[in-house]
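Reviewing the structure listed below.
The structure displayed is predicted, hence computed values, not measured ones.
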Amino acid sequence: MLKFLPARTLPFAAGLGLSGSLLTSLPTLAQTAPATLTVQVNKPGAPIAKTMYGLFFEDINFAADGGLYPELVKNKSFELDEHLLGWRGIRGAAALSTYTVSSQQPISATNNHFLRMTAATASPDAGFINEGFRGMGVKQGGEYTFSVYLRKGAGGVSGLNVTLEEGGPGAGPEAGPSGKTLAQTRITGLTTEWKKYSVVLKSTSTAEKARLKLTLEGAGTLDLDVVSLFPKDTYKNRENGLRTDLVQLLKDMQPGFLRFPGGCIVEGRNLTERYQWKETIGDVASRVPLVNRWNMEFKHRSTPDYYQSFGLGFYEYFQLSEDIGAEPVPILNVGMACQFNSAEMAPVGGTAAAGPNAGSPHNHEDDDPTLETFIQDALDLIEFANGPASSPWGAKRVAMGHAAPFNLKFIGIGNEQWGPQYLERYEPFMKAVKAKYPTMNIVSSAGPSPDGELFDKATQRLRELKAEVIDEHYYAKPEWFRQNVGRYDNYPTTGTKIFAGEYAAQSVAIGSPDNKNSWDCAISEAAFMTGLERNADKVIMASYAPLFAHVDAWQWTPDMIWFDNLKAYGTPNYYVQKMYSTNPGTTMLPVQRAGNAKNGQDNLFSSATADDKTGEIIVKLVNYSPQARPVTIALQGVKKLGKAGRATVLASADLNAVNSLEQPQNVAPKEEPFKVSSPNVTYTLAPNSFTVLRIPGKR
């Protein structure tokens, strides 16, 4: 996902998508005369897919480690390439006679590095500090489970002192004087064999940037590994659970699906660094971390300490999907590394991957994969998700605590690949999945551009292959979204369906660090989404991207939800998505303008659905103009009309308005009742507004 698009690479990048037959002239400013919209209640169209509005998750912007996955210790097992990343010796480790990261008699073959500290004399500074993910967020009265594996060496070390403290002035290259103590304990009973110790720390204060200090009690040698500080307050109070407030923001959206784990991290910069789901399940302590491909992608936001711990792995993704009521949509590597990086490819036949990085070591089960490796991974994943306990991979799911199948229905083959290299790998991949699982819905890629020769050729071939779903992506200026509201009007109504898998309006330019989650971007997306809803017979899935961003550790903007170590807020874009996903309806209803005016003419955008569950008609209206606009909604053929409706209004006079941690509700929806006295419903739209009207009226 989110490829940086050099202008020389794809025509879409150079023009920000503002070319092609879909363009129309800029609409004129709103007029004050009422506009009449006829909702054909008695001529219902296609059903609204339950998966229509969903979520796209990728581990970018510290979305997983340091975000949704709430482990507070960075590099807890010393397994990263830079073994002491995240760790600093107190006062430059002056109180330690030696320290080293060793692999002598480790805990396990996969967890084969640990920290060995030796102090010649006892000192309160004989130890290390872990900085966390831009600090550690802790709350007053909050309980945090500290656990560690320890092994006593020579000398008289009698214990390990564990202190949770405020950051203090020395949180740089050499951790200096301590800050305020927030919680403290000591671990004793050390042995000469590896043993796990666990204790609960309770913080006396709230701190956004705390840190963990570990010091030796006494002189001698102590080995330590798998150092964890994990909040007890997790979603559903799970031991390896997720951050409560972030999950709640997702659940509140009532999403139809969750696409995971990305995005470009599926591909990796090379095949060795690709995402391998099998390494993300099982015992958390045994999951081997991997560099995050976003760590050095952008010079303007270099993040060399960005790794994936895989504490949030495929089992947890499936579990999260279940928790928030969303269909899981895993995306798997098709045998191609990121085409914007190495473009390394596994051969369709043969014994070794083609490319300069083939065979580089990273403890992976297959460093020389062929396409068959990737196909087998997909088949095994479906068995992991849906197989019985008697199957090899189903048994692994059951062993992790989920006896029932996850009922996986969708699987993506490739993330955002393009060209003949993708198609020649997709076809045998697809056929192998279909041969074993004929009812599985396969998501295929149309590439990173929404138009052009590569897009057209991929779309044509995928339709010929009867692909269930084609994933289209578009990042562009806000006006592109308003001008392309009719994008799907002339798509085929039968056969392959569309997944608008990644989209977001860019206030400045694609990949710019100056992009903002402005109201202009969000209202333009709301306008575009009326076109998705009006074409529910062609579009069955849509998701904004990316989902999460840490305010101190982001690589890409804009993003739907922002957070720091303690708080989170939804952007105006979040509220647009939520208003759609919580008001989808069950059946599309045609909407007509007087004189057959097109959707979006005079900057008025609309769509409508019937909700057969509640007996309501839902009308979505975008007024992209600085004037209030009266509208008349003629409900053609409505039955049993109620007397009062409910309006949800998202509006701001300032198109540059944004939300923030300090003003999380600066642009947020408000609800208000309105009267319904006849099938011709009148309502005045606020300036620069997105409005959802729920009208009690059965069809």
Check: [Y] main-chain N/O paired with [X] side-chain donor or acceptor under 3.5 Å:
| X | Y | result |
| --- | --- | --- |
| N517 | C521 | no |
| D520 | N656 | no |
| Y580 | A526 | yes |

Residues two or more places apart in sequence or in another chain: which of them pass side chain to side chain donor-acceptor pair (under 3.5 Å) with [X]?
| X | value |
| --- | --- |
| Y422 | none |
| D471 | R259, H473 |
| Y275 | none |

Sub-6.0 Å ring centroid separation between [X] and [Y]:
| X | Y | result |
| --- | --- | --- |
| Y491 | Y488 | yes |
| F605 | F481 | no |
| Y503 | Y475 | no |

Apply the test side-chain contact (heavy atoms from CB on, under 4.5 Å) to residues D65 and Y307: give CA-CA distance (whole Å), side-chain angles for both, the deciding distance (0.1 Å), then the verdict. CA-CA 8 Å; D65 296 293; Y307 282 75; over 6 Å; no
Indicate whether the side chain of Y624 and that of E479 have a donor and an acceptor atom separated by less than 3.5 Å.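 Short answer, no.
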Will you find, in the side chains of Q421 and Q339, an N or O donor that is under 3.5 Å from an N or O acceptor?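 Side chains of Q421 and Q339: no pair found under 3.5 Å.
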Think R301 forms a cation-pi with W554, using NZ or CZ under 6.0 Å from the six-ring centre and within 45 degrees of its axis?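 Verdict for W554: a cation-pi partner in R301.
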Going by salt bridge (charged side-chain N to carboxylate O under 4.0 Å, His left out), name the residues that satisfy it together with R243, two or more places apart in sequence or in a different chain.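 So R243 forms a salt bridge (charged side-chain N to carboxylate O under 4.0 Å, His left out) with D245.
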How would you list, by chain and number, every residue that makes a side chain to side chain contact (heavy atoms under 4.5 Å, CB included) with A668, sequence neighbours excluded?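 If we apply the side chain to side chain contact (heavy atoms under 4.5 Å, CB included) test to A668, skipping adjacent residues, the hits are Y575, Q665.
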Could you name each residue pair satisfying side-chain hydrogen bond (donor to acceptor under 3.5 Å, both in side chains) that touches residues 521-531, not counting sequence neighbours?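 For residues 521-531: R482-S524, E525-N573, T530-N599.
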May I have the step-by-step check of salt bridge (Lys or Arg N to Asp or Glu O under 4.0 Å) for K497 and E468, ending in yes or no? CA-CA 6 Å; K497 303 303 180 184; E468 281 90 2; over 6 Å; no
